[in-house]
Structure formats: structure tokens, C-alpha cells
Q: 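Dropping a structure here in C-alpha cells format, bear with me for questions.
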Amino acid sequence: MFDLNLALVDFYISRGIEFLGEAKIGTEVSGAGAKWSAPDPVSLPEERSQFRTEDVGISFPAARALLNKTQKVIADETGLSVATVKAMERGDHWAESSEAMQSYYERNNVEFLGWSDAATKRYYGVGVRWLPSLKVSS
């Protein structure tokens, strides 16, 4: 099983996913999550071209995966319809619904990650993690 886990980690890293979290022997993991690898915000544009970008700076599907909940449960708990949750996860943006979803996840201790490039209107390092102050065990 250990070899399989290492193979999976290598697979995701090779595709630009960065795993997050801090672990110390005898303690639970803090700040666990994942995000797309990103350049330093002060890097040159040619350096940035090597990294994945996103159209939207918040990944609702990643947040839902972190909570391990279905779209129906998210819809029920936010008061939104399942169709709206699906649309938000596809990248549609309606201010009120987006705010409701983001607020819901943040109340559930999910932190959204990433930064935007104003010149290109693209986002780097998009991902999620548990708020670092929380100890979450798997």
C-alpha cells in the first residue's frame, strides 16, 4: 500500500498538483489540502507560462471534495439548488450564489488558495486546504 501511495503522489506531482500540510511525528496533519503549483507572483511572464492557470480563482469542486460531501448535501446546506451548485462548480459566476458557496465553505474551515494576474485575468495556484490552525486527521 505504501508503494501505491507514493506512486499516486508522484502521478499528481508530475501533473502540477502540490500537496499541502504540516505533519510532525505524534501529531495530526495541519493545513492539509492541494493546489496547482504556481510561480512566485513577482516572476516574469515567460516563467509563468510553465504553470497551469484557471479562469476562476475559487475551486468549488475541490472544496466539496475536501469536505467529502455530495452536491445535493451542499445544495441542502447552502439553500441553493443542485443545479446552481453544479453551475458554480463548472465555473459559472452569479455574485449572490458564489458568495453563499464561498461563505459556506469558509464557515466549514476550508481556505481557498491562489492569486490572480491582473494583466492576463488568469489565476495561479488555485486550490483548497483546511485552515492551518485546525488539526484534521484522515
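These numbers were taken from a predicted model, which means no experiment stands behind them. Residue numbers run from 1 in the order of the sequence given.
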Q: How far does OG of Ser30 sit from CD of Glu22, to the nearest 0.5 angstrom?
A: 6.0 Å

Q: Under a single-linkage definition using a 4.5 Å side-chain heavy-atom cutoff for Ile, Leu, Val, Met, Phe, Trp and Tyr, are Phe11 and Leu6 assigned to the same hydrophobic cluster?
A: no

Q: Any chance you could measure Gln102, atom CD, to Arg107, atom CZ, to the nearest 0.5 Å?
A: 11.0 Å

Q: Could you tell me whether Asp76 and Lys72 make a salt bridge, using a distance below 4.0 angstrom between a side-chain N and a carboxylate O?
A: yes

Q: According to a hydrophobic-cluster definition based on side-chain heavy atoms being under 4.5 Å apart (Ile, Leu, Val, Met, Phe, Trp, Tyr only), do Ile58 and Trp130 belong together?
A: yes

Q: Would you give the length of the straight line joining atom CG of Leu131 to atom CG of Asn108, rounded to the nearest 0.5 angstrom?
A: 10.5 Å

Q: Would you say the side-chain atoms of Ser43 and Asp40 include a donor-acceptor pair closer than 3.5 Å?
A: no

Q: Flag the pair Thr53 / Phe51 as yes when at least one side-chain heavy-atom distance between them is below 4.5 Å, and no otherwise.
A: no

Q: Would you say that Arg64 contacts Leu67 through its side chain, given a criterion of any heavy-atom pair below 4.5 Å between the two side chains?
A: no

Q: Out of curiosity, Lys35 NZ to Ile17 CD1, how far, rounded to the nearest 0.5 Å?
A: 10.0 Å

Q: Looking at Lys69, I'd like to know if its NZ atom is crowded, meaning that more than 12 non-hydrogen atoms belonging to other residues, nucleotides or ligands lie closer than 6.0 Å.
A: yes

Q: Might you confirm whether atom CG of Asp10 has over 12 heavy atoms from other residues, nucleotides or ligands at distances under 6.0 Å?
A: yes

Q: Using 4.0 Å as the upper bound for N to carboxylate O, is an ion pair formed by Glu46 and Arg48?
A: no

Q: Check for me, please, whether Trp94 and Phe60 land in the same ILVMFWY cluster - side-chain distances under 4.5 Å, paths through other members count.
A: yes

Q: Would you please name every residue forming a salt bridge (charged side-chain N to carboxylate O under 4.0 Å, His left out) with Arg90, sequence neighbours left out?
A: Asp92

Q: Rounded to the nearest 0.5 Å, how far apart are CZ of Arg129 and CZ of Phe19?
A: 15.5 Å

Q: What I want to check is whether the side chains of Trp36 and Glu54 have a donor and an acceptor closer together than 3.5 Å.
A: yes

Q: With heavy-atom distances below 4.5 Å as the criterion, would you say the side chains of Glu111 and Glu106 are in contact?
A: no

Q: Hydrophobic cluster membership, with links at side-chain heavy-atom distances under 4.5 Å among I/L/V/M/F/W/Y: are Val128 and Met101 in one?
A: yes

Q: Kindly indicate whether the side chain of Val126, heavy atoms from C-beta on, has any atom under 4.5 Å from the side chain of Tyr123.
A: yes

Q: What are the two closest heavy atoms between Val29 and Gly21, and how far apart are they?
A: CG1-CA, 4.3 Å

Q: How long is the span from the CG atom in Leu66 to the OH atom in Tyr105, to the nearest 0.5 Å?
A: 10.0 Å

Q: If you compare all heavy atoms of Ser81 against all heavy atoms of Ala75, which two are closest, and at what distance to 0.1 Å?
A: C-CB, 3.8 Å

Q: With distance as the sole test, does Thr78 use its side chain to make a donor-acceptor pair with the main-chain N or O of Leu80 at under 3.5 Å?
A: yes

Q: List for me each residue that meets ring-ring contact (aromatic ring centres under 6.0 Å, His included) alongside Trp115, sequence neighbours excluded, and say none if there are none.
A: Tyr124

Q: Answer yes or no: does atom OH of Tyr12 have more than 12 heavy-atom neighbours from other residues, nucleotides or ligands under 6.0 Å?
A: no

Q: Which is it for Met88 and Ser97 under the side chain to side chain contact (heavy atoms under 4.5 Å, CB included) test, yes or no, and what are the steps along the way?
A: CA-CA 8 Å; Met88 297 290 102; Ser97 297; 4.0 Å; yes

Q: Check whether Glu47 reaches the backbone of Leu44 with its side chain - one donor and one acceptor, N or O, closer than 3.5 Å.
A: yes

Q: Going only through I, L, V, M, F, W and Y residues with side-chain contacts under 4.5 Å, is there a path from Phe112 to Tyr104?
A: yes

